[in-house]
There are 2 protein chains.
Amino acid sequence: MTKASASQDISPAQCPRPFVTVDLVIFTLREGQLQVLLMQRAVPPFEGMWALPGGYVRPDEDESLDGAAARILGSKTAVATPYIEQLQGFGNARRDPRGWTATFAYFALIASEQLALQSGANAEDVAWHPVETRPVLAFDHDLILRTGLERLRGKVEYTILPAHLLPAKFTLPDLQSVYEQILDRRLDKSAFRKKMADAGLLEPVPGEMRHASNRPSQLYRIRSDATPFLGRTI
Amino acid sequence: MTKASASQDISPAQCPRPFVTVDLVIFTLREGQLQVLLMQRAVPPFEGMWALPGGYVRPDEDESLDGAAARILGSKTAVATPYIEQLQGFGNARRDPRGWTATFAYFALIASEQLALQSGANAEDVAWHPVETRPVLAFDHDLILRTGLERLRGKVEYTILPAHLLPAKFTLPDLQSVYEQILDRRLDKSAFRKKMADAGLLEPVPGEMRHASNRPSQLYRIRSDATPFLGRTI
DNA sequence: GCAATAGTGTCTTTGAGACAGTATTGA
DNA sequence: TCAATACTGTCTCAAAGACACTATTGC
């Protein structure tokens with residue numbers, strides 16, 4: 001029985017390696033619109049164009065891919081606890097003119113109250129752009145952004161992902177409005193509330209209400225033990 | 001306005017790069033069981049242990065990540081047109097004792113009739129193992145396999161993924177049986193057939209029936225223009 | 001005819017949406 | 001009292017499951 005030379009065991013040192021990056025699609029809700037965080041590139045290639053925030057994976061510094069994503073998120077925004085998940089990998093010989101690159105794209109949602117961008121030398125090059133009126137993006141970042149949008153819209157139907165676009169405490173009418181913005185259609189109030197109640201992923205904050213010049217509304221928060229899934233997957 | 005030194009533009013050449021691999025979780029259905037393709041490692045680390053098929057991404061040879069996955073799939077099996085999709089990335093400093101590695105895991109389904117493994121010097125080191133009785137795996141491959149299983153089970157409910165575990169032509173009772181094996185529960189025949197009919201992703205093969213010592217059953221195939229999704233996502 | 005499996009029809013249950021109703025606040 | 005918004009109850013409709021029924025073959 002010959003066990004020699006499985007192809008995965010060519011000596012790694014001989015093998016040219018692709019560049020490995022992490023890119024982030026960070027969504028928020030501002031001014032009633034879904035917006036995405038973009039950076040203006042300072043150097044070639046694509047100098048002056050807008051791109052998703054990202055950076056090289058640094059083996060000497062990053063403990064894991066998730067760690068690299070958290071480092072990059074923290075360097076652009078001052079957000080402590082966003083919702084973040086891996087989106088998809090993109091890698092080929094053409095996406096970066098400097099050579100073969102592979103990127104792990106991540107998908108993050110942050111609340112508009114947490115919007116403070118990281119102060120620093122380059123803060124002015126970081127900006128929120130409405131998704132609908134976004135500029136042309138560098139590299140294949142428009143593809144990555146569209147993939148993130150699909151993930152967001154696809155998951156809205158059966159998760160409470162949109163709750164992460166709101167402050168920690170929010171009302172059900174707030175939340176319904178977020179769903180309506182992302183799905184771009186009106187939802188029935190009664191059905192929406194029944195669905196949320198059945199899912200059991202939210203809990204009322206005892207005694208806390210939001211007051212306006214009308215009937216006050218109950219504040220809710222995401223249950224700490226909640227998985228983000230609705231419906232039969234519970 | 002200072003646009004210098006965006007962190008993603010540290011000169012790539014200065015940056016140590018992780019190893020980049022592609023690993024495959026390849027499922028099939030044999031002997032009424034869900035099975036996964038494994039290879040026995042010929043060299044350290046984890047010499048002699050079983051692992052998922054995989055290999056380094058080769059910038060000089062692979063056009064893209066998908067291309068690398070297809071190359072590796074083709075080198076282990078003689079399968080022409082499997083179902084394959086990207087599963088998830090895994091990367092950290094600890095998963096391979098040789099250093100920081102990142103892998104793009106892929107998920108493939110092939111029909112048992114296409115099972116011919118690639119003949120070659122190492123063919124005897126490639127083998128199908130029932131998922132339930134699999135050996136302990138090298139690296140973090142058990143985590144990757146479990147992630148693949150979750151993807152399979154999670155997608156069964158609303159896709160025709162299981163059809164890719166069958167030959168090109170199959171009967172509805174065949175297909176229902178696959179669903180039942182993966183979900184590990186009985187399904188109602190009437191409801192199952194209605195759901196498949198409504199989805200419109202299958203088409204009968206005109207005039208072709210499977211004969212046995214009972215009423216013959218209609219053969220179906222996946223519609224060539226079909227996306228694999230059922231239900232409201234259509 | 002009989003066993004065996006393919007395929008269909010019908011009833012019931014469940015959940016979502018439509019929509020109208022009631023409740024509670026500030027002004 | 002009124003405007004405004006929060007919240008609830010009820011009706012309808014459609015999809016899904018339970019289950020019994022019919023259909024077609026080999027023997």
Side-chain angles (χ1 to χ4, degrees), chain A residues 32 155-160 162-163 166-167 169-221 229-234, chain B residues 32 155-160 162-163 166-167 169-221 229-234:
Chain A
K155 275 197 160 183
V156 163
E157 295 269 12
Y158 61 99
T159 68
I160 53 166
L166 290 173
K169 299 173 185 177
F170 51 87
T171 67
L172 287 181
D174 286 346
L175 186 59
Q176 182 175 346
S177 164
V178 176
Y179 276 77
E180 289 174 342
Q181 283 179 54
I182 293 173
L183 293 174
D184 197 29
R185 62 185 167 90
R186 299 300 306 275
L187 300 176
D188 180 75
K189 187 170 37 170
S190 175
F192 180 81
R193 298 172 79 97
K194 259 183 287 186
K195 195 170 170 181
M196 289 298 147
D198 290 349
L201 301 176
L202 304 178
E203 61 185 4
V205 187
E208 293 201 45
M209 311 285 281
R210 171 172 306 162
H211 293 268
S213 64
N214 48 38
R215 178 169 172 177
S217 62
Q218 176 66 52
L219 285 168
Y220 287 80
R221 64 182 166 220
F229 295 99
L230 301 176
R232 67 180 59 173
T233 48
I234 294 182
Chain B
K155 274 197 160 184
V156 164
E157 294 270 12
Y158 62 96
T159 69
I160 51 165
L166 290 174
K169 298 174 184 177
F170 50 86
T171 68
L172 287 182
D174 286 345
L175 186 59
Q176 182 175 345
S177 165
V178 177
Y179 276 78
E180 289 173 343
Q181 283 178 55
I182 294 172
L183 293 172
D184 197 29
R185 62 184 168 90
R186 299 300 307 274
L187 300 177
D188 179 75
K189 185 169 43 165
S190 174
F192 180 80
R193 299 174 76 98
K194 260 185 287 187
K195 197 170 170 182
M196 289 298 147
D198 289 350
L201 301 175
L202 304 177
E203 61 184 6
V205 187
E208 292 203 46
M209 313 285 281
R210 172 172 304 162
H211 293 269
S213 65
N214 49 39
R215 177 171 174 176
S217 64
Q218 176 66 53
L219 285 168
Y220 287 80
R221 63 182 167 221
F229 295 98
L230 302 174
R232 67 180 60 173
T233 48
I234 294 183

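Letters go in sequence order (proteins before strands), and every chain restarts at 1. We use all heavy atoms of the structure for the numbers below, so side chains are in, but hydrogens, waters and symmetry mates are not. Here the structure is a predicted model, which is why all the values come from computation and not from measurement.
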Minimum heavy-atom separation for [X] and [Y], please, with both atom names.
X       : Y       : answer
V156(A) : I182(A) : CG2-CG2, 3.5 Å
G32(A)  : Q181(A) : O-OE1, 2.7 Å
Y179(B) : T159(B) : OH-O, 2.6 Å
L172(B) : F192(B) : O-CE2, 3.8 Å
V178(B) : P162(B) : CG1-CB, 3.6 Å

(message) Can you pull out the residues from residues 184-192 of chain A that lie within a 4.0 Å heavy-atom distance of DNA chain D?
(response)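 Residues of residues 184-192 of chain A under 4.0 Å from DNA chain D: K189(A), S190(A).
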
(message) Give the residues of residues 209-216 of chain B touching DNA chain D, defined as any heavy atom closer than 4.0 Å, sorted by residue number.
(response)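 Under 4.0 Å from DNA chain D: A212(B), S213(B), N214(B), R215(B), P216(B).
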
Given atom [atom1] of [X] and atom [atom2] of [N], what is their separation to the nearest angstrom?
X       : N       : atom1 : atom2 : answer
K194(A) : dA18(C) : NZ    : P     : 12 Å
R193(B) : dG9(C)  : CZ    : P     : 12 Å
Q176(B) : dT5(C)  : CD    : P     : 14 Å
Q218(B) : dT5(C)  : CD    : C1'   : 15 Å

(message) Determine whether a donor-acceptor pair (N or O, by modelled atom type, separation under 3.5 Å) exists between the side chain of E208(B) and the backbone of Q218(B).
(response)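 No: the side chain of E208(B) does not pair with the backbone of Q218(B).
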
(message) Over the length of the helix from dG1(C)-dC27(D) to dA27(C)-dT1(D), how much do the five-pair end axes diverge, rounded to 10 degrees?
(response) 10°

(request) Output all residues satisfying side chain to side chain donor-acceptor pair (under 3.5 Å) with S217(A), sequence neighbours left out; order by chain, then residue number. (result)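 Partners of S217(A) by the side chain to side chain donor-acceptor pair (under 3.5 Å) criterion come out as none, since no residue qualifies.
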
(request) Go through the structure and list residues passing side chain to side chain donor-acceptor pair (under 3.5 Å) with R193(A), not counting sequence neighbours. (result)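 Result, side chain to side chain donor-acceptor pair (under 3.5 Å) vs R193(A): none returned.
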
(request) Could you list all the salt bridge (Lys or Arg N to Asp or Glu O under 4.0 Å) pairs where at least one residue sits in residues 170-179 of chain A, not counting sequence neighbours? (result)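 Checked against salt bridge (Lys or Arg N to Asp or Glu O under 4.0 Å) - neighbours excluded - the pairs reaching residues 170-179 of chain A are D174(A)-R210(A).
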
(message) With a 4.5 Å cut-off on side-chain heavy atoms, are I160(A) and M196(A) touching?
(response)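 Yes, at least one pair of side-chain atoms sits under 4.5 Å.
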
